[in-house]
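Naming: A, B, ... by sequence-line order, numbering from 1 per chain.
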Amino acid sequence: MKQNVIEIIQKALESLNTVWGANLPDIEVEVPRDETMGDLATAVAMRLTKVLKKSPRKIAEEITGKINEQQPDFFEKIEIAGAGFINFRFKKDFFHKSLGMLLEEGHLSLRTDIGKGQKIQVEFVSANPTGPLHIGHGRGAAVGNALCNILKAAGFDVQREFYINDAGLQVKLLGRSVFARYQQLLGNDVPFPEDGYKGDYIEFIAQEINNSEGNKYLNRTFEECGEFLTDYAYKMMLADIEKDLKDFGVVFDRWQSERELHMQGKVESAIKDLKSRDLIYEKDGAVWFSSSRFEDDKDRVVKKQDGEYTYFASDICYHKDKLDRGFDTIIDIWGADHHGYIPRVRSVLEAFDLPGDKFKVVLIQMVSLLRHGQPVQMSKRAGAFITLREVIDEVGPDITKFIFLTRKADSHLDFDIDIAKEQSAENPVFYVQYAFARISSLFRQAEEKGVMSQESRVSGRGVSQYAPDLSALIEDEEISLIKKFLQYPMVFEGAALACEPHRITYYLQELAGIFHAYYYKHRIISDDNRLTPARLGLCKGVKIVLEEGLKILGVSAPERM
RNA sequence: GCGCCUGUAGCUCAGUUGGAUAGAGCAACUGACUUCUAAUCAGUAGGCCUGAGGUUCGAAUCCUCACAGGCGCGCCA
């Protein structure tokens, strides 16, 4: 729909430009807020006022004149309105044909190829393997997963990666915590590390070690058995994390271990590489990266006085490694509390010659968990926090994901467990899923009643002798519905370009709303042999779009509810 | 102190990258189940888009300042 109009405007502008000789702006087409204004509108005329020094209406007239010369056959009306908008209204026939194409080609016709096979890597969740995933990680997982689905459907070659921070002090602390609990469990009352992890899961791990290894580490020092216990604990944690994510419906293509980068000598060589670019220097007994030569406000230490690499050093290496693996674009999804880290990582990528617009960070804001409208206090150190596992078990993955995707990633989110659990109108997931289930039910009915137009026939390729006569769809609500799903590719493309999955969530709610109203007002299955198949065809179209959208969000589309 | 994010209906939030008369859900109120699923629908009401300037044909959107809230500013990870 959009592309048709853009091409036509483009042609008109080009032919006019032989007179104008101006710099043509990008043509932007939008859906007017009010349906009475038309189906699509453009504000190009207003954008040209400055260059051409003419009134916007005058320019709009010249453009529409040229458009009319092309005599496009799908417009019912082109008019100039307001300050200089050009409004396009399509013929009903155009909508019928568009629906026909959707039914013929299925959900693949909803996708685009703006990615053109570009390799893009999305790194998300990347939680420390020192404890279970909490609800904030869940939000990151939901957003990252949906974003990957979107990018893939938009023609990008997407890789999903989880970065494991298994090299630092945090993991060692996990080991010490487990060590203490293990000793205590077997009656050796060693002190618990001061800022150790206090959650119950630590005792659980200690118990597991006792089950599989017995008491052979009892009364040993941490130096003697710490490495084994640490490895055991963090691997167990990691397996847990992977399982939680899988049950949440999020699967990664690759898990990158930080420790591995160190062991392969890649950290060292990454720093060397920077040094060869003259971006590394020594000062005060430490080694620094000149990040302030890029976008950072000061230089950063990569190797401390004690000779240890900093966490940032691993990150330099990790991001260089992403580039070495041949990705054109790199997307990192981080908790919003890490936003201060963006300039230095951006500096790293620029130092390695990646253009600035090829690195994007999506920030995930905090989730405040509520129960009965009251905030639940969360303290990670004390081990008192709500895990993703608990929420999945209590609320379910579909609802949880959908709620995470009803907000822009970068804004705070209140997650009320009780409301989420209620199977009520307050829950927007059901609204969308219900529309899908209703349509599914219609097709079951149609089949039972032996209505000619079964779902498979309505949609099937190569069975055109059964194809419904879509010109029977003349009600306003029917045309509105078709218009709405013709907008899907625009919304979808916008979501891909802006990395904003929530746009699809909103769109689906709107589409479901229009469908519910239509369903209520008009009977789909009747004894009208021409109208019934056409309306079922329309419903099939809605169903295809709903299914595609839900799939992209990672939410299931149930046949019954 | 510096930086980033946020501020839109009573509540929770959208707002198509600067466009037309600012939208949705919930809550409130009025109505609709002998019906293909009422997890639904129709309607009413609700606004100084935090405030003040500025940029231009045009601002919730961009710029400056103020106010309020959140988060960051380590040779921690």
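Set against B:A20, B:C13, B:A38, the side chain of A:Asn87 has B:A20 as its closest nucleotide. With B:C57, B:G23, B:A39 as the choices, the nucleotide that has an atom nearest any side-chain atom of A:Met46 turns out to be B:C57. In the set B:U16, B:G19, B:A38, B:A38 carries the atom at the smallest distance from any side-chain atom of A:Tyr519. Counting only heavy atoms from C-beta on, A:Arg438 has its side chain closest to B:A38 among B:A20, B:A38, B:G15. Here the nucleotide nearest the side chain of A:Ala498, chosen from B:C57, B:C41, B:U17, is B:U17. When distances run from any side-chain atom of A:Ala41 to the nucleotides B:A20, B:C36, B:G19, the shortest one goes to B:A20.
Summarising the geometry, the separation between CZ on A:Arg407 and P on B:U12 is reported as 10 Å, rounded to the nearest angstrom. Rounded to whole Å, atom P of B:A38 lies 19 Å from atom CG of A:Asn427. Whole-Å rounding puts the A:Glu30 CD to B:U17 P distance at 7 Å. Rounded to whole Å, the distance from CG on A:Leu508 to C1' on B:A39 is 17 Å. B:G15 atom P lies 20 Å from atom CG of A:Asp34, rounded to whole Å. Atom NZ in A:Lys408 sits roughly 18 Å away from atom P in B:A24 (whole-Å rounding).
Checking A:Tyr431 against A:Ile86, the closest nucleotide of RNA chain B that is more toward the 5' end is the one next to A:Ile86. Nucleotides of RNA chain B nearest to A:Thr49 and A:Ala83 differ in position, and the one nearer the 5' end is that of A:Ala83.
Note on A:Arg33: a side-chain N or O is less than 4.0 Å away from OP1 or OP2 of B:A20. Residue A:His502 has no polar side-chain atom (N or O) positioned under 4.0 Å from OP1 or OP2 of B:C13. In terms of phosphate contacts, A:Ser411 brings a side-chain nitrogen or oxygen within less than 4.0 Å of OP1 or OP2 of B:A14.
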>> Before you tell me yes or no, could you show the steps for A:Asp231 and A:Arg259 under salt bridge (Lys or Arg N to Asp or Glu O under 4.0 Å), namely the whole-Å CA-CA distance, both residues' side-chain angles and the distance that decides it to 0.1 Å?
In response: CA-CA 12 Å; A:Asp231 269 23; A:Arg259 193 186 284 186; 3.1 Å; yes
> Could you walk me through whether A:Arg535 and A:Glu478 pass the salt bridge (Lys or Arg N to Asp or Glu O under 4.0 Å) check?
Replying inline: CA-CA 8 Å; A:Arg535 289 190 165 168; A:Glu478 289 167 337; 2.7 Å; yes
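When heavy atoms are screened at a 4.0 angstrom cut-off, A:Ala435 is found touching no nucleic acid atom at all. Residue contacts shown for A:Ser441 include a base, since a base heavy atom lies under 4.0 Å away. Residue contacts shown for A:Glu28 are limited to sugar-phosphate atoms, with no base heavy atom under 4.0 Å away. Contact annotation for A:Val287: no contact, since no heavy-atom pair falls under 4.0 Å across all strands.
Searching all strands for a Watson-Crick or G-U wobble partner of B:A45 with both distances below 3.5 Å returns nothing. Shown here, B:G1 forms a base pair with B:C73; the pair counts as Watson-Crick or G-U wobble because both key distances fall under 3.5 Å. In a base pair of the Watson-Crick type (N1 to N3 plus N6-O4 or O6-N4) or a G-U wobble (N1-O2 and O6-N3), with each distance short of 3.5 Å, B:C67 is matched with B:G7. Under the Watson-Crick or G-U wobble criterion, with both distances below 3.5 Å, B:U21 is left unpaired in every strand shown. Figure legend. B:A32 is base-paired to B:U40; pairs are counted as Watson-Crick or G-U wobble with both atom distances under 3.5 Å. Across all strands shown, B:A27 remains unpaired; no Watson-Crick or G-U wobble contact has both distances below 3.5 Å. Judged by Watson-Crick or G-U wobble contacts below 3.5 Å, the nucleotide B:U16 has no partner. B:U55 makes up no base pair with any nucleotide shown, lacking Watson-Crick or G-U wobble contacts both under 3.5 Å.
Judged as a ring-ring contact (aromatic ring centres under 6.0 Å, His included), and not counting sequence neighbours, A:Phe485 has no contacts.
Nucleotide B:U17 carries a syn base; the chi torsion (O4'-C1'-N9-C4 or O4'-C1'-N1-C2) is within 90° of 0.
Judged purely by distance below 3.5 Å, without hydrogens or angles, the side chains of A:Asp299 and A:Tyr281 pair a donor atom with an acceptor atom. Checked by atom type, the side-chain pair A:Asp528/A:Ser526 shows no donor-acceptor distance below 3.5 Å. If you check the side chains of A:Gln170 and A:Thr130, you find no donor sitting under 3.5 Å from an acceptor.
Between A:Tyr318 and A:Tyr163, the ring planes are parallel. Angles under 30° get that label, and only those over 60° would be called perpendicular. Taking the six-membered ring where tryptophan is involved, the planes of A:Tyr506 and A:His502 are perpendicular, since the angle between them exceeds 60° and thus also 30°.
Side-chain atoms of A:Thr42 do not come within 3.5 Å of backbone N or O of A:Phe85 as any donor-acceptor pair. Between the side chain of A:Thr49 and the main chain of A:Met46, a donor-acceptor pair closer than 3.5 Å is present.
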> Taking protein heavy atoms under 4.0 Å as touching, what does nucleotides 69-77 of chain B look like 5' to 3' if B marks base contact, S marks sugar-phosphate-only contact and - marks none?
Replying inline: -SBS-SBSB
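For B:A38, its base never sits under 3.5 Å from the side chain of A:Tyr520 at any donor and acceptor pair.
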